[in-house]
Amino acid sequence: MIEAIARRLSDQNSLISGYIRRNQMQRAHQLFDEMPLRNVVSWNAIMSGQTDPHQLHQLFLQMKRAGESPNQYTFSTLISGLLNRLQYVSLVPQLHGLVIHSGLRSDVFVASALMRGYTRLGDREGLRRVFDDVPIKDVSTWNALVVGYMDLGFTVDARIAFDKMPEVNIISWTTLFNGYIKNRDIDQARSIFNKMTQKNVVSWTAMIKGYVRYEKYVDAIDTFVAMLESGTHPNHFTFSTLLDACAGSSMFLFGKQLHSCILKSGMCREVVLLTSLIDMYTKCGEIEVGLHIFESMEKKNTVSWNSIIGGCARHGLAKRALCEFEKMTESGVEPDDVTYVNLLSACVHGGLVEEGERHFRSMGVRYGIQAAMKHYTCMVDLYGKAGAVDKAERLVKEMPFEPDVGVWGALLAACGLHSCYEVGEFAANGIEKLARRNPGVYSMLTKLHGEKGAWSRAIETRNKMIEISAKKQKAGSRIELVI
DNA sequence: GTAGGGTTAG
């Protein structure tokens with residue numbers, strides 16, 4: 001009898017995890033809710049399918065209330081699942097306490113999750129403490145230490161840890177050189193990459209992305225060619241990285257070639273790839289193609305909407321951008337901070353001051369998105385370009401943080417555009433404090449002084465410019481690369 | 001029967 005009950009419970013647990021593997025969350029939950037008896041495995045299984053940190057935390061609390069004791073599976077699932085939302089990362093030290101209390105600190109899975117948690121918290125000592133507490137470390141524990149040190153900027157410690165590792169795998173190597181990429185040392189990264197005896201699609205893609213990140217597009221493509229020559233097949237991560245390179249350097253022909261490769265490869269339904277394609281086309285001047293791909297997408301998420309709103313904004317289609325935003329919210333996709341940057345820059349391009357003001361006001365109220373510096377920059381730009389320099393100035397003065405070069409620059413540009421001498425000096429002083437001897441500032445000030453007829457000031461500024469041998473930046477163009 | 005490292009889009 002007892003055996004029969006146990007078998008039934010175990011079968012139901014298997015079913016739950018089966019549903020989760022096939023992404024049938026509703027079915028999993030329905031079964032979980034209907035189960036007359038649950039054990040720790042049932043809770044762990046249902047928790048593993050929960051991607052929302054809030055819901056996950058609630059499940060954990062319910063589990064405790066139901067009298068079930070969490071085990072190592074519970075903690076590793078819970079901690080990992082909480083890491084993608086900042087407010088829940090702060091629970092990591094408390095959970096660490098519970099882990100120690102439950103006698104589970106020597107479990108390598110739990111330790112890895114905790115180490116990633118402390119890394120997120122920027123807590124180097126916490127990271128090290130968890131690592132040191134594991135008596136028998138496996139290669140993943142060591143890798144977590146290397147990635148932690150790298151993410152916190154301690155490249156030397158990361159290297160020491162790597163050299164001490166009893167065994168390394170391809171993931172350790174990739175973690176190491178990718179750590180150097182994150183810390184802006186692309187040459188060191190490449191030298192380690194060259195030492196790898198085995199490379200796979202992940203390591204190749206990471207190296208290519210490293211070059212793209214630092215705008216070394218020729219190196220990125222050379223590396224891609226080397227990857228193909230080595231017989232490694234690109235996956236959707238690789239393609240999306242390459243499309244990013246095309247978008248960043250207007251390599252339209254190469255971008256189109258990639259598009260046809262993607263179509264042939266059968267990966268063309270991936271949301272990330274389609275979004276990369278939209279971005280590539282709109283940044284290469286092909287807004288119509290971008291819109292066409294966007295319309296044809298079955299599933300759209302926040303990033304895909306952002307890319308089309310941004311694309312419309314860049315192409316001066318302000319009304320269309322606003323219209324897409326309406327469609328986005330109607331379809332139930334939540335906007336984020338980037339959505340609003342794109343939306344507000346659409347308003348800047350279209351001179352839509354009232355719409356911009358309305359959206360700027362509502363982002364916090366409706367969606368709880370706090371206006372950041374970049375949003376203020378858009379608003380200053382919006383007012384400035386539309387000739388409301390007084391409003392732009394007021395906004396700069398009322399901002400909840402110290403303006404950065406971008407904000408001051410937008411204000412100064414507005415003053416140049418509308419010949420506002422006093423505010424121009426105010427903005428120039430602001431920039432001067434942050435970035436001394438900025439040639440653009442002197443150039444603009446000279447213009448403003450001249451317009452006002454303050455010739456002695458104009459000459460004074462001009463001389464300052466010569467003194468630091470500031471020259472207006474030369475315009476340049478990039479020649480399209482075709483392979 | 002339940003869990004973990006390295007690559008992706010705005």
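Here is the naming used below: chain letters follow the sequence lines, and residue numbers restart at 1 for every chain. Only heavy atoms go into these numbers, but all of them, side chains included; no hydrogens, no water, no symmetry mates.
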Of all the nucleotides listed ([options]), which has the minimum atom distance to the side chain of [X]?
X        : options             : value
A:Val108 : B:dT2, B:dG6, B:dG4 : B:dG4
A:Ser240 : B:dT2, B:dG6, B:dT8 : B:dT8
A:Asn44  : B:dT2, B:dG4, B:dT8 : B:dT2
A:Thr241 : B:dG5, B:dG1, B:dT8 : B:dT8
A:Arg116 : B:dG4, B:dT8, B:dG1 : B:dG4
A:Ile170 : B:dT2, B:dG4, B:dG6 : B:dG6
A:Val271 : B:dA9, B:dG6, B:dA3 : B:dA9
A:Asp107 : B:dA3, B:dA9, B:dG5 : B:dA3
A:Ser203 : B:dG4, B:dT8, B:dG6 : B:dG6
A:Val41  : B:dA3, B:dG1, B:dA9 : B:dG1

* To do: Can you label the angle between the A:Tyr367 ring and the A:Tyr340 ring as parallel, tilted or perpendicular, going by 30° and 60°?
  => tilted

* To do: Please work out whether the ring planes of A:His29 and A:Phe32 are parallel, tilted or perpendicular, with thresholds of 30° and 60°.
  => perpendicular

So what does [X] touch, heavy atoms closer than 4.0 Å: a base, only the sugar-phosphate, or nothing?
X        : result
A:Thr141 : base
A:Thr175 : sugar-phosphate
A:Leu176 : nothing
A:Ser14  : sugar-phosphate
A:Thr275 : base
A:Gln72  : base
A:Thr302 : base
A:Asp336 : base

Over how many whole Å does the gap from [X] atom [atom1] to [N] atom [atom2] extend?
X        : N     : atom1 : atom2 : value
A:Phe177 : B:dG5 : CZ    : P     : 18 Å
A:Phe224 : B:dT7 : CZ    : P     : 19 Å
A:His259 : B:dA9 : NE2   : P     : 18 Å
A:Ile79  : B:dG5 : CD1   : P     : 13 Å
A:Met47  : B:dT2 : CE    : P     : 16 Å
A:Lys283 : B:dA9 : NZ    : P     : 11 Å
A:Arg213 : B:dT7 : CZ    : C1'   : 11 Å
A:Asp244 : B:dT8 : CG    : P     : 10 Å

Can you tell me whether the side chain of [X] and the base of [N] have a donor-acceptor pair closer than 3.5 Å?
X        : N     : value
A:Ser76  : B:dA3 : yes
A:Asn169 : B:dG6 : no
A:Asn143 : B:dG4 : no

* Structure fact -> Residues A:Tyr281 and A:Gly290: closest non-hydrogen pair is CB-N, 4.1 Å

* If you measure from the ring centre of A:Phe109 to the centre of the six-membered ring in the base of B:dG4, is it under 5.5 Å, with the planes under 30° apart? -> no

* Asked: Stacking between A:Phe237 and the base of B:dT7 (centre distance under 5.5 Å, interplanar angle under 30°)?
  -> yes

* To do: Report the glycosidic orientation of B:dG5: syn if within 90° of 0, anti in every other case.
  => syn

* To do: Check whether any side-chain heavy atom of A:Thr241 lies under 4.5 Å from a side-chain heavy atom of A:Thr238, and answer yes or no.
  => no

* Asked: Would you say the ring centroid of A:Tyr73 lies under 6.0 angstrom from that of A:Phe109?
  -> no

* **Within the 6.0 Å centroid threshold, strictly below: A:Phe224 and A:Tyr211** => no

* Asked: Hey, is the side chain of A:Lys209 poking within less than 4.0 Å of OP1 or OP2 on B:dA9, counting only N and O atoms?
  -> yes

* Mark yes when over 12 heavy atoms from residues, nucleotides or ligands other than A:Arg27 sit less than 6.0 Å from its CZ; otherwise mark no. => no

